[in-house]
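Some notes on the structure that comes next.
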Amino acid sequence: QVQLVESGGGLVQPGGSLRLSCAASGSIFSVDAMGWFRQAPGKQRELVAAISRNSFTNYADSMKGRFTISRDNAKNTVYLQMNSLKPEDTAVYYCTADFLFRNVLGGTGKYWGQGTQVTVSS
């Protein structure tokens, strides 16, 4: 089993920045790809970004240029740097992980965190 714990969410004003972190523990050898999804009230969960162990990345089109995913393999941690935040970025952000990159990308990752709330409001 792998446990994922997100942190870094909170309230930020429009145009501001936040950095989310997701620390993985447990059977780390079974995890190669990690990623972030988000779910706003009344909407489906959607991909934000995904990253492989060798740092190949994939972003949802609406996040390109504002969000950056990165990882520190030594710390088993993935990060999401979010800049120029907009009210429509308000959502619960979930970390996910799987052995296969395509599973993370497709939202079918085996492991999920509990989520962290990001609220963008003045």
Next item on the list: Not counting sequence neighbours, which residues clear side-chain contact (heavy atoms from CB on, under 4.5 Å) with Lys110? List them please.
Entry: Asp98

Next item on the list: Starting from Phe56, walk the hydrophobic network (Ile, Leu, Val, Met, Phe, Trp, Tyr; side-chain heavy atoms closer than 4.5 Å) and list everyone else you reach, by chain and number.
Entry: Phe37, Leu47, Val92, Tyr94, Phe101, Leu105, Trp112

Notebook entry, point to check: Between Gln81 and Ile69, is any pair of side-chain heavy atoms under 4.5 Å apart?
Noted result: no

Notebook entry, point to check: Ignoring hydrogens and geometry, is there a side-chain-to-backbone donor-acceptor pair from Asn73 to Asn76 under 3.5 Å?
Noted result: no

Margin query: Return the SG to OH distance between Cys95 and Tyr79, rounded to the nearest 0.5 Å.
Written below: 11.5 Å

Check: Does Thr96 reach the side chain of Met34, with side-chain heavy atoms less than 4.5 Å apart?
Finding: no

Notebook entry, point to check: Heavy-atom distance under 4.5 Å between the side chains of Arg66 and Lys86, does that happen here?
Noted result: yes

Next item on the list: For residues Val48 and Leu80, determine if any side-chain heavy atom of one lies less than 4.5 Å from a side-chain heavy atom of the other.
Entry: yes

Margin query: Who clusters with Val5? Use side-chain heavy atoms, under 4.5 angstrom, across I, L, V, M, F, W and Y, and order the result by chain and number.
Written below: none

Item checked: Exceeds 12 heavy-atom contacts within 6.0 angstrom, atom CD of Gln44 -> no

Checklist line | Val118 to Met82 - nearest heavy-atom pair and separation | finding: CG2-CE, 3.9 Å

Item checked: Of all pairs that satisfy side chain to side chain donor-acceptor pair (under 3.5 Å), the ones with a partner from residues 33-43, not counting sequence neighbours -> Arg38-Glu46, Arg38-Asp89, Arg38-Tyr93

Donor-acceptor pairs under 3.5 Å, side chain of residues 8-19 to any protein atom, not counting sequence neighbours: which ones?
unit_1: Ser17; atom_1: OG; unit_2: Asn83; atom_2: OD1; d: 2.9

Margin query: Can a donor-acceptor pair be found, under 3.5 Å and without considering hydrogens, that links the side chain of Ser27 to the backbone of Gln1?
Written below: yes

Check: Going only through I, L, V, M, F, W and Y residues with side-chain contacts under 4.5 Å, is there a path from Tyr59 to Val104?
Finding: no

Next item on the list: Would you give the length of the straight line joining atom CZ of Arg71 to atom CG of Asn54, rounded to the nearest 0.5 angstrom?
Entry: 8.5 Å

Next item on the list: Show your reasoning for whether side-chain contact (heavy atoms from CB on, under 4.5 Å) applies to Asp32 and Leu100.
Entry: CA-CA 7 Å; Asp32 186 68; Leu100 296 176; over 6 Å; no

Margin query: Can you list everything that forms a salt bridge (charged side-chain N to carboxylate O under 4.0 Å, His left out) with Arg102? Sequence neighbours excluded, please.
Written below: none

Checklist line | From Gln3 atom CD to Ser25 atom OG, the distance as rounded to the nearest 0.5 Å | finding: 4.5 Å

Next item on the list: Could you grab the distance from atom OG1 of Thr77 to atom CG of Leu20, nearest 0.5 Å is fine?
Entry: 12.5 Å

Check: Can you get from Val31 to Val78 by hopping between Ile, Leu, Val, Met, Phe, Trp and Tyr side chains that sit under 4.5 Å apart?
Finding: yes

